Amino acid sequence: MPFIVTEPCIQCKYTDCVSVCPMDCFVEGPNFLAIDPETCIDCSVCVGECPVGAIVNAAEANAAQRPYIALNARLAREAGWPALTTRRPPLADHAQWRDVAAKRHLLRHPLAPEPHAGGQ
Ligand code: SF4
Ligand code: F3S
């Protein structure tokens with residue numbers, strides 16, 4: 001099974017992972033990265049690069065991590081989640097969030113419906 005990005009990435013997005021992936025599997029959202037399961041070759045080199053241990057083998061995911069298997073697959077297919085292959089600075093408040101365990105509710109999604117101004 002492919003590798004997946006899980007909860008510790010949310011609000012941090014260190015991006016060390018993208019620079020080592022030989023298959024350019026990563027896609028980027030506002031405050032999270034996901035791995036495209038169709039291109040991941042299970043090489044595992046990205047795992048040790050993530051400073052918060054967010055990347056795991058889907059086959060070894062625990063109960064809390066298992067929902068991220070479908071989430072990675074879905075986000076990798078969505079418009080607004082482009083490929084990211086170059087490392088960049090982490091999010092500004094990464095230090096505040098890196099040790100917070102429960103962050104799933106903070107995942108931002110660019111395709112979330114926006115309210116229409118003026119009823120249009
Ligand atoms: Fe890329 Fe290998 Fe990580 Fe898959 S396991 S996302 S191919 S570095
Ligand atoms: Fe996220 Fe870790 Fe990569 S925090 S961006 S999975 S290095």
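All values derive from a computational prediction rather than experimental measurement. Throughout, residue positions are numbered sequentially from 1 according to the sequence presented. Both counts, for ligands and for their atoms, begin at 1 and track the order of listing. Any value given below was found using the heavy atoms of this structure, including those in side chains, with hydrogens, waters and symmetry copies removed.
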May I ask you to identify the nearest protein heavy atom to [atom], giving residue, atom name and distance to one decimal place in Å?
| atom | answer |
| --- | --- |
| atom 5 (S) of ligand 2 | T15 N, 3.1 Å |
| atom 2 (Fe) of ligand 2 | C50 SG, 2.3 Å |
| atom 3 (Fe) of ligand 2 | C17 SG, 2.3 Å |
| atom 1 (Fe) of ligand 2 | C9 SG, 2.4 Å |

[atom2] on [Y] to [atom1] on [X], rounded to 0.5 Å:
| X | Y | atom1 | atom2 | answer |
| --- | --- | --- | --- | --- |
| L84 | C17 | CG | SG | 7.5 Å |
| I4 | C40 | CD1 | SG | 10.5 Å |
| T6 | I55 | OG1 | CD1 | 8.5 Å |
| Y14 | L91 | OH | CG | 9.0 Å |

Under 4.0 Å from a heavy atom of [X]: which atoms of ligand 2 are those, numbered in the order shown and with their elements?
| X | answer |
| --- | --- |
| V52 | 4 (S) |
| D16 | 7 (S) |
| L33 | 5 (S) |
| I55 | 6 (S) |

Does E60 reach the main-chain N or O of N57 with its side chain, forming a donor-acceptor pair under 3.5 Å?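 The answer is no, because no donor-acceptor pair under 3.5 Å joins these two groups.
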
May I ask you to decide if L33's main-chain N or O and K13's side chain share a donor-acceptor pair within less than 3.5 Å? no

Could you pull out the N/O/S protein atoms under 2.8 Å of atom 2 (Fe) of ligand 1, ignoring any water? C43 SG

So for atom CZ, which belongs to R77, do other residues, nucleotides or ligands contribute more than 12 heavy atoms lying within a distance under 6.0 Å? yes

Step by step, work out the salt bridge (Lys or Arg N to Asp or Glu O under 4.0 Å) result for E28 and R88. CA-CA 11 Å; E28 179 186 28; R88 64 168 59 140; 2.5 Å; yes

Taking a cutoff of less than 4.0 Å between a non-hydrogen atom of the residue and any ligand atom, is K13 in contact with ligand 2? yes

Closest heavy-atom pair and its distance - F3, D42: CE1-CA, 3.6 Å

Does any part of the side chain of R108, heavy atoms only, come nearer than 4.5 Å to the side chain of Q11, both counted from C-beta? yes

